[in-house]
Each structure stands twice: as structure tokens, then as C-alpha cells.
Amino acid sequence: MMKALYTSATGMKAHQFLLDVISNNLANVNTTGYKRVQANFQDLLYDKFVPAGTESAQGIQSPTGLQVGSGVRIVATNKVFSQGVQENTGRSLDWAIQGDGFFQITHPDGTIVYSRDGTFQLNSTGEIVNSEGLKIEPSTTVPSDAVSINIGSDGTLSAQNADGSTQAIGNITLATFLNPSGLESLGKNLYRETTASGTPQTGTPGQNGVGEIIQGFRESSNVEVVTELVNLIVAQRAYETSAKAIKASDDMLQATNRIV
């Protein structure tokens, strides 16, 4: 059987996977805090018929050798944590991070998970929660008589009471990771630390490389539609080319059968 059939099949599988990745990026173009994913390819094993540097009977050294690969595979998907565009919403509980860092969220299983989605709400007891109702960490409660909430770029939270007085109600810290691409995506705009991401380092926003918090804004996804559409066309063409290689291999096999 011709090797090209299996080699081309690996190309079709890899680009079908790439199509899935691009489709997910495009589907999340309006997801708050979403970070685009890029797929990394890797070539497969090689059949080496003549190793480079082999000497002929005349003592002449082969400069390149003779080898052919077995195809391609997707070896990794990386989250690209570039800054997303900040959209002005005017809501006092919409917070965007300018720079590195993640909001800390208490997961229902009791662990801390992380998010770039800063669209928060108040629950029935005045606690600050995300859109899923999960509490921000450290847990913060807004007084029932507060008429407005303010957060500084350093995470300092304060509430203004009906009588015009202001009281501090907490400090929001952000978490950073040595390798954020190693975080596990949980869906619902949440990430969980892994051994690849390293342990979280919490810090005050605006200090020691931690990003600042901007009130009244939310961070949109960093997906660029034009770039993804170009990648989509490239993936489609590569898939079609691999399919044509299979067709060419099949035609050659048919020609061989006719001759035999």
C-alpha cells in the first residue's frame, strides 16, 4: 500500500482538528475575557533509507541522505494571553484587568479558580459574585445601604452610603502564573491551575508586574476575526490538498492494477 495514503490522512486529521480550534475561537469572539487558542503542529517519524553522511564505495560522503516523513499531528494547543480590547460599559461592577493577572473565584468544590471575566454582580446577601453566582476571592460584601461602589486601580474597594460617607469594604487581589498557558480551561470563563502553570502568586493590582483594575470596563476576547478567517482558509486548503494527495495515490494504484 502506498505510504502517501496514510501520510495524507494524518494531514486531513490534523487540519480537521485545526478547524475545530479556529471554529471555537470564532464562536467565542464576543466572550468576555476569552483568550484565543492556537494549535501547534509537529512532523511525525521519518523512514531513513540513506543516512546523511553515508560514504559510497568510492569513499564519497553523501551530503544529505534520503529520508521521507510519515505526516503531521497536532502536538499542543496554546492559549494566547494577549490583552483584549476594553469596552466601556459604565457599570460599577464591570472590572477589566489592564496587564497580567486573573480574578480569583471560589469554585463550588471549595477550590480557587481563575478568570479574566470581570463582569460581577451582587447576590441576595450583597456578596460580589460572577455571572454564575460564584463568589470573588477574597469574599466581599457590599453594605445594604450603599448607593455606589468604587474600586481603585490597586483593588481597593469602597462603598458610598446614602448619607454621603465612604467606607472601605475590602481589597481585591489578582493572581499571576509563571506559565499561564499551562492553565486548564474549565469553561464558563474559568481556569484551574495545573503543575504546568505553576502555583499562583497573588499580589496587589498595579504592583510587581500585576495588572491594574479598571472600573466600568470589561475586557473583550482577543480573537481577531480577520486573522481567524485567514487561518480558516489556510486550514481548508491544506485539508483539500491532503484529500487530493489521497486521490492521486488512489489513481496511481488503479493505474498499477490495470497494468498488472
Side-chain angles (χ1 to χ4, degrees), residues 3-48 67-85 97 99-105 107 109 111-117 174-201 209-211 219-243 245-246:
K3 179 181 177 68
L5 289 171
Y6 295 101
T7 302
S8 300
T10 65
M12 293 181 70
K13 290 179 181 177
H15 287 93
Q16 182 178 346
F17 190 95
L18 176 59
L19 192 62
D20 294 339
V21 171
I22 296 170
S23 299
N24 187 58
N25 286 339
L26 288 170
N28 284 285
V29 67
N30 287 317
T31 300
T32 304
Y34 175 80
K35 300 302 178 186
R36 67 180 294 268
V37 176
Q38 68 179 20
N40 294 335
F41 289 78
Q42 187 179 70
D43 56 351
L44 297 179
L45 297 176
Y46 283 78
D47 291 328
K48 298 178 182 177
Q67 58 184 350
V68 62
S70 302
V72 66
R73 68 171 180 172
I74 297 282
V75 67
T77 53
N78 293 338
K79 280 277 188 184
V80 180
F81 282 93
S82 60
Q83 183 75 48
V85 175
I97 300 174
D100 295 333
F102 297 84
F103 294 108
Q104 301 170 89
I105 307 294
H107 195 266
D109 64 8
T111 61
I112 301 299
V113 293
Y114 307 91
S115 178
R116 292 283 295 194
D117 181 359
L174 300 179
T176 57
F177 293 86
L178 189 61
N179 175 30
S181 294
L183 291 169
E184 176 190 4
S185 297
L186 301 177
K188 301 179 180 179
N189 296 351
L190 299 175
Y191 301 97
R192 190 189 298 279
E193 70 170 286
T194 67
T195 53
S197 68
T199 56
Q201 304 294 319
V210 181
E219 182 184 7
S220 65
S221 76
N222 64 352
V223 175
E224 296 180 359
V225 175
V226 174
T227 300
E228 298 301 329
L229 288 178
V230 170
N231 291 337
L232 189 67
I233 293 171
V234 171
Q236 181 183 6
R237 294 304 183 200
Y239 186 91
E240 290 177 355
T241 303
S242 294
I246 290 179

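All values below come from the heavy atoms of this structure, side chains included, with hydrogens, waters and symmetry mates left out.
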field: Cationic N near anionic O, under 4.0 Å, D47 to K3
entry: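 K3 and D47: salt-bridged.
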Interatomic spacing from [atom1] in [X] to [atom2] in [Y] - rounded to 0.5 Å:
{"X": "S221", "Y": "N189", "atom1": "OG", "atom2": "CG", "result": "10.5 Å"}
{"X": "L26", "Y": "L19", "atom1": "CG", "atom2": "CG", "result": "9.5 Å"}
{"X": "N179", "Y": "S197", "atom1": "CG", "atom2": "OG", "result": "7.0 Å"}
{"X": "D43", "Y": "T7", "atom1": "CG", "atom2": "OG1", "result": "11.5 Å"}
{"X": "S8", "Y": "Y239", "atom1": "OG", "atom2": "OH", "result": "11.5 Å"}

field: F81-F177 aromatic ring centre distance below 6.0 Å
entry: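 They do not qualify: ring centres at least 6.0 Å apart.
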message: Is the distance from the ring center of H107 to that of Y114 below 6.0 Å?
response: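 No: the rings miss the under 6.0 Å criterion.
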Backbone N/O of [Y] and side chain of [X]: donor-acceptor pair under 3.5 Å:
{"X": "T176", "Y": "V210", "value": "no"}
{"X": "N231", "Y": "I22", "value": "no"}
{"X": "R116", "Y": "G101", "value": "yes"}
{"X": "T10", "Y": "V72", "value": "yes"}
{"X": "Q83", "Y": "G99", "value": "yes"}
{"X": "T227", "Y": "V223", "value": "no"}
{"X": "T194", "Y": "G182", "value": "yes"}
{"X": "S185", "Y": "G187", "value": "no"}

Within the 4.5 Å heavy-atom criterion, are [X] and [Y] side-chain neighbours or not?
{"X": "T77", "Y": "F17", "value": "yes"}
{"X": "L44", "Y": "R73", "value": "yes"}
{"X": "Q236", "Y": "V234", "value": "no"}
{"X": "F103", "Y": "L174", "value": "yes"}

E240: partners by salt bridge (Lys or Arg N to Asp or Glu O under 4.0 Å), with sequence neighbours left out: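 Salt bridge (Lys or Arg N to Asp or Glu O under 4.0 Å) check on E240 returns R237.
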Write down the atom of [X], the atom of [Y], and the distance for their closest heavy-atom approach.
{"X": "L18", "Y": "A39", "value": "CD1-CB, 3.9 Å"}
{"X": "S115", "Y": "L190", "value": "CB-CD2, 3.9 Å"}
{"X": "E193", "Y": "G198", "value": "OE1-O, 4.0 Å"}
{"X": "L186", "Y": "Y191", "value": "CD1-C, 4.1 Å"}
{"X": "S242", "Y": "M12", "value": "CB-CG, 3.5 Å"}

query: Within a reach of under 6.0 Å around CG of L229, are more than 12 heavy atoms found that belong to other residues, nucleotides or ligands?
result: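 Counting other residues, nucleotides and ligands, CG of L229 exceeds 12 neighbours.
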message: Counting only heavy atoms not in K79 (residues, nucleotides, ligands), do more than 12 fall under 6.0 Å from its NZ?
response: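 Yes, NZ of K79 has more than 12 neighbouring heavy atoms, counting only those of other groups under 6.0 Å.
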- prompt: Are a donor atom and an acceptor atom from the side chains of T111 and R192 found within less than 3.5 Å of each other?
  reply: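 Yes, a side-chain donor-acceptor pair sits under 3.5 Å.
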query: According to the side-chain hydrogen bond (donor to acceptor under 3.5 Å, both in side chains) rule, which pairs have a member within residues 29-40, sequence neighbours left out?
result: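 Those involving residues 29-40 are N24-Y34, N25-Y34, N28-T31, K35-E219, R36-E228.
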